[in-house]
Undergrad: 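Got a structure for you, questions after.
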There are 4 protein chains.
Amino acid sequence: MARKRSEQCHLAILEAAASVLDERGYLGMTIEEVAQRAGAGKQTIYRWWGGKPMLALEAHYAVPANQHTIADTGSVEGDLRTHLMKLVAALSDGERARTIAGLMAEAQTNPKFAVAFREKFLEPKRAAMQAVFELGKERGELPVLADAYLLTDLIYGPVWYRLLVGHAPLDGGFVEALITSVMAAARAPHCSMVGNRDE
Amino acid sequence: MARKRSEQCHLAILEAAASVLDERGYLGMTIEEVAQRAGAGKQTIYRWWGGKPMLALEAHYAVPANQHTIADTGSVEGDLRTHLMKLVAALSDGERARTIAGLMAEAQTNPKFAVAFREKFLEPKRAAMQAVFELGKERGELPVLADAYLLTDLIYGPVWYRLLVGHAPLDGGFVEALITSVMAAARAPHCSMVGNRDE
Amino acid sequence: MARKRSEQCHLAILEAAASVLDERGYLGMTIEEVAQRAGAGKQTIYRWWGGKPMLALEAHYAVPANQHTIADTGSVEGDLRTHLMKLVAALSDGERARTIAGLMAEAQTNPKFAVAFREKFLEPKRAAMQAVFELGKERGELPVLADAYLLTDLIYGPVWYRLLVGHAPLDGGFVEALITSVMAAARAPHCSMVGNRDE
Amino acid sequence: MARKRSEQCHLAILEAAASVLDERGYLGMTIEEVAQRAGAGKQTIYRWWGGKPMLALEAHYAVPANQHTIADTGSVEGDLRTHLMKLVAALSDGERARTIAGLMAEAQTNPKFAVAFREKFLEPKRAAMQAVFELGKERGELPVLADAYLLTDLIYGPVWYRLLVGHAPLDGGFVEALITSVMAAARAPHCSMVGNRDE
DNA sequence: AACTAACCGAGACGGTACGTCTCGTCTTCGC
DNA sequence: GCGAAGACGAGACGTACCGTCTCGGTTAGTT
């Protein structure tokens with residue numbers, strides 16, 4: 001019976017948050033500034049997002065360029081190459097990269113957000129990646145015993161590592177080398193994993 | 001003639017910092033509380049460490065159990081296994097794991113600390129790991145074209161990824177699967193990397 | 001053509017306001033809580049009362065025990081004694097006293113309400129009190145030059161003063177002493193006042 | 001051993017508070033604005049004053065024109081006249097009057113402040129006033145049975161009443177009439193009060 | 001009987017100030 | 001002059017209410 005949530009205000013806040021993220025980065029973003037730019041009250045943000053991390057996550061996600069899906073190109077290597085190239089291209093925007101690094105950082109010190117970040121952001125990407133490997137197994141590109149869960153760690157682990165540590169660039173050369181390495185690992189016989197899954 | 005830096009106070013602060021890290025985690029640690037527990041002034045901490053991240057880093061490092069070196073066991077696989085097993089054992093202490101995750105998080109939002117963290121903490125570990133692969137190449141275990149820099153990313157990337165995301169355990173099974181995969185990647189022929197090094 | 005004001009809702013709000021005043025005092029009363037207790041919307045309150053002070057004033061007034069009239073006992077002293085005794089008896093209920101003190105406080109910081117409070121609440125009491133003295137002059141109890149307006153200040157001033165400051169009790173002894181003093185002042189010859197009236 | 005309270009900052013805050021009181025009145029004064037004008041942090045104000053009412057009280061008191069003492073003119077009437085004339089003159093500055101009315105209002109809704117206001121502000125004035133009557137009794141101007149405590153209520157009560165209600169001006173005519181009335185009351189024989197004192 | 005305008009409950013909204021928190025710097029005094 | 005103690009400026013935090021607004025749903029009185 002009450003007034004409905006204003007979609008316009010919802011969008012204004014997301015846009016304001018996105019622009020603040022761009023200009024100041026995750027750390028420099030404050031609820032106060034987002035509210036002011038959106039012409040919104042702080043309470044409205046706290047009501048719907050509960051705080052800065054969830055707002056930043058949704059604001060990041062709302063940008064179409066940050067919604068990476070994995071296209072089926074017909075081969076595992078092709079899927080990986082297409083996806084990872086788009087990914088590193090997106091991350092070459094420094095502020096965008098700092099934002100998602102900031103979200104990962106927040107997850108380290110905020111257990112409540114860690115769960116949301118994993119479930120809303122990381123797991124969907126993992127699931128899509130695992131599907132690529134599973135499809136590869138069905139097509140006979142990869143041995144049936146290949147462990148898609150582990151291979152996903154092998155792909156995303158080094159990408160995140162370079163993103164967070166910044167010791168070397170995330171570029172095409174890195175992507176190619178990573179694909180070559182992971183494909184080699186996938187084709188090697190190795191026992192299936194036990195005990196390393198989410199419960 | 002100035003009074004000299006008090007070694008006793010230095011140690012008291014490190015101990016206090018370590019105990020606060022244990023009890024409250026990296027985020028919950030404040031300079032104020034460390035100073036109080038150490039019976040020290042805040043200025044003393046700012047004078048010698050410059051801030052919370054550097055103090056936490058040194059306090060973490062000062063614990064002997066956190067100083068991992070890589071022993072030479074005669075084979076790459078053995079070196080990796082020995083080192084990684086010790087590593088995951090240390091990280092199975094939740095608070096210890098949260099501390100170094102917290103340091104990584106801090107590095108994401110604090111560029112000055114990011115440099116120190118990389119140079120003082122991460123690079124030495126990388127260098128030791130690269131040495132393992134280089135030694136393997138010398139011994140003929142690995143092809144001479146194997147890219148030790150990339151292989152280091154392949155090892156540490158997934159470890160950090162699981163540590164930070166927490167989607168699956170860091171345990172013996174994971175270590176074994178990781179070693180098998182990376183060894184397979186190392187033995188596969190792949191072009192050497194270009195342009196992915198620190199400048 | 002339109003729906004009429006619901007008397008039931010009107011009463012529910014007044015009752016809710018009275019109970020909140022009792023439990024939390026004037027300061028602790030919020031429109032939000034009154035609305036919730038009454039099962040009413042906030043807008044309904046703002047529509048009919050305009051805000052918290054007017055609501056509190058009407059809620060206070062709606063309680064029969066707070067509607068003091070002055071009975072004619074045949075003598076000024078008797079009128080004063082009867083009225084003031086009832087008054088201090090009502091004010092000995094702490095929360096009731098706090099409510100009217102709160103209304104006076106509100107009037108200090110809210111000019112719009114100050115006018116309403118004076119006209120709806122204070123002036124009627126003053127008028128009744130002045131009538132007592134005028135009647136006394138007609139009956140020859142007081143000199144014709146006695147200034148009923150000033151005498152009203154002399155009566156109500158100290159009562160409000162003790163109510164607001166709380167340095168000494170509002171009790172029978174005080175009432176007697178006050179009456180004695182004011183009667184003495186009334187009988188003394190003193191020039192009529194100039195320039196101290198409402199315009 | 002620690003840093004001492006900065007007298008300069010103390011004064012800057014009091015001055016800023018006084019100027020805000022002048023410009024915006026008690027209600028419109030906010031800690032935030034006072035801090036900003038004084039170039040101080042909000043915490044500094046909360047540390048030393050605990051909140052707006054105590055700050056406003058001290059800021060009001062710090063203005064020399066608000067420190068009314070009662071001079072000995074040789075007669076009770078003279079003392080009263082001199083003091084009350086100065087008092088109403090000070091209160092004829094509207095903003096000054098609103099400030100002390102605001103303090104009295106605050107005391108109605110803030111029991112902790114009520115105590116401070118009574119003890120630091122009201123009681124000293126009462127004590128001085130009582131001393132005037134006691135001196136009058138010693139000099140034989142007033143009967144020895146005159147109740148100085150009650151007479152103080154009779155003086156200050158109507159003054160506060162007019163200040164707070166604003167139904168009539170606080171001017172010289174009012175002062176004269178008040179003095180005449182209270183002197184008449186003081187000279188009339190009336191039993192000493194019982195049970196109307198602070199405990 | 002259908003229309004329709006105002007009333008009602010609910011509660012989202014833009015604001016504003018609150019009092020708290022922590023940061024990193026600055027000042028004072030004891031050793 | 002080092003070091004403890006802690007005051008200081010700064011500014012974001014999350015909360016509490018304010019008074020306004022927008023919803024459906026619910027009554028009356030017309031038409």
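Reminder, nothing fancy here: chain letters follow the sequence lines and each chain counts from 1.
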Undergrad: Between P on dA7(F) and CD on Gln8(D), what's the gap in Å once rounded to a whole number?
TA: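 My rounded result for the distance is 17 Å.
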Undergrad: Just the rounded figure in Å: distance from C1' of dG19(E) to CZ of Phe113(D).
TA: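 My rounded result for the distance is 18 Å.
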Undergrad: Please state how far atom NZ in Lys52(A) lies from atom P in dG11(F), giving the value in whole angstrom units.
TA: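 It is 16 Å, rounded to the nearest whole Å.
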Undergrad: What integer distance in Å separates Trp49(A):CH2 from dT15(F):P?
TA: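 The answer, rounded to whole Å, is 16 Å.
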Undergrad: Distance from Ile13(B) atom CD1 to Ile45(B) atom CD1, nearest 0.5 Å?
TA: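 If we round to the nearest 0.5 Å, Ile13(B):CD1 and Ile45(B):CD1 are 4.5 Å apart.
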Undergrad: Taking atom C1' of dG24(E) as reference, at what distance in whole Å does atom CG of Leu55(B) sit?
TA: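 After rounding, the gap between these two atoms is 14 Å.
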Undergrad: For DNA chain F, whose closest nucleotide is more 5', that of Gly51(C) or that of Arg5(D)?
TA: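 Its nucleotide being nearer the 5' end, the pick is Arg5(D).
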Undergrad: Go through the steps to decide whether Leu11(C) and Glu7(C) satisfy the test side-chain contact (heavy atoms from CB on, under 4.5 Å), and finish with yes or no.
TA: CA-CA 6 Å; Leu11(C) 289 175; Glu7(C) 196 53 34; 4.3 Å; yes
Undergrad: Calculate the interatomic distance between Met29(C) atom CE and dC18(F) atom P; express it in whole Å.
TA: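 Interatomic distance, CE of Met29(C) to P of dC18(F): 9 Å.
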Undergrad: Any non-hydrogen side-chain atom of Leu103(D) less than 4.5 Å from a side-chain atom of Phe113(D)?
TA: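 The answer is yes; the side chains approach within 4.5 Å.
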Undergrad: Tell me which of Glu7(C) and Thr30(D) sits closer to the 5' end of DNA chain E, going by the nucleotide each one is nearest to.
TA: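 Mapping each residue to its closest nucleotide by heavy atoms, the 5'-most match is Glu7(C).
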Undergrad: With a cut-off of less than 4.0 Å, is there a side-chain N or O of Trp48(D) near OP1 or OP2 of dC8(F)?
TA: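 Answer yes for this pair, as a side-chain N or O of Trp48(D) is under 4.0 Å from OP1 or OP2.
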Undergrad: Write down the distance between CG (Leu27(B)) and C1' (dC13(F)), rounded to a whole number of angstrom.
TA: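 So the CG-C1' distance, Leu27(B) to dC13(F), works out to 14 Å.
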Undergrad: Near DNA chain E, counting only heavy atoms under 4.0 Å, which residues of residues 13-20 of chain B show up?
TA: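 None - not one residue of the stretch has a heavy atom sitting under 4.0 Å from the strand.
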Undergrad: Please determine whether the number of non-hydrogen atoms from other residues, nucleotides or ligands lying under 6.0 Å from atom CD of Gln8(D) exceeds 12.
TA: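 No.
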Undergrad: State, yes or no, whether a side-chain contact exists between Trp49(A) and Leu14(A) at a heavy-atom distance under 4.5 Å.
TA: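 Yes, side chains in contact.
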Undergrad: Are Glu23(D) and Glu95(D) packed together at the side-chain level, in the sense that at least one heavy-atom pair is separated by less than 4.5 angstrom?
TA: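 The answer is no; the side chains never approach within 4.5 Å.
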Undergrad: In whole Å, I'd like the distance from the CD1 atom of Ile31(D) to the C1' atom of dT20(E).
TA: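 Those two atoms, CD1 and C1', are 13 Å apart.
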Undergrad: Tell me, do Met104(D) and Val165(C) make a side-chain contact under 4.5 Å, heavy atoms counted?
TA: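 Answer yes - side chains close enough.
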Undergrad: With the side chain of Lys4(A) defined as its heavy atoms from C-beta on, choose the nearest nucleotide among dG24(F), dC8(F), dC18(E).
TA: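 So the nucleotide nearest the side chain must be dG24(F).
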Undergrad: Could you check whether Glu106(A) pairs with Lys52(A) (Lys NZ or Arg NE/NH1/NH2 to Asp/Glu carboxylate O, under 4.0 Å)?
TA: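 Looking at Glu106(A) and Lys52(A), the cut-off is not met.
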Undergrad: Between His10(C) and Glu58(C), does a side-chain contact (heavy atoms from CB on, under 4.5 Å) hold up when you go through it step by step?
TA: CA-CA 11 Å; His10(C) 184 127; Glu58(C) 188 173 332; 3.3 Å; yes
Undergrad: Expected output is a numbered-order residue list: members of residues 32-47 of chain A with a heavy atom under 4.0 Å from any atom of DNA chain F. What is it?
TA: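 Hits under 4.0 Å, by residue number: Glu32(A), Lys42(A), Gln43(A), Tyr46(A).
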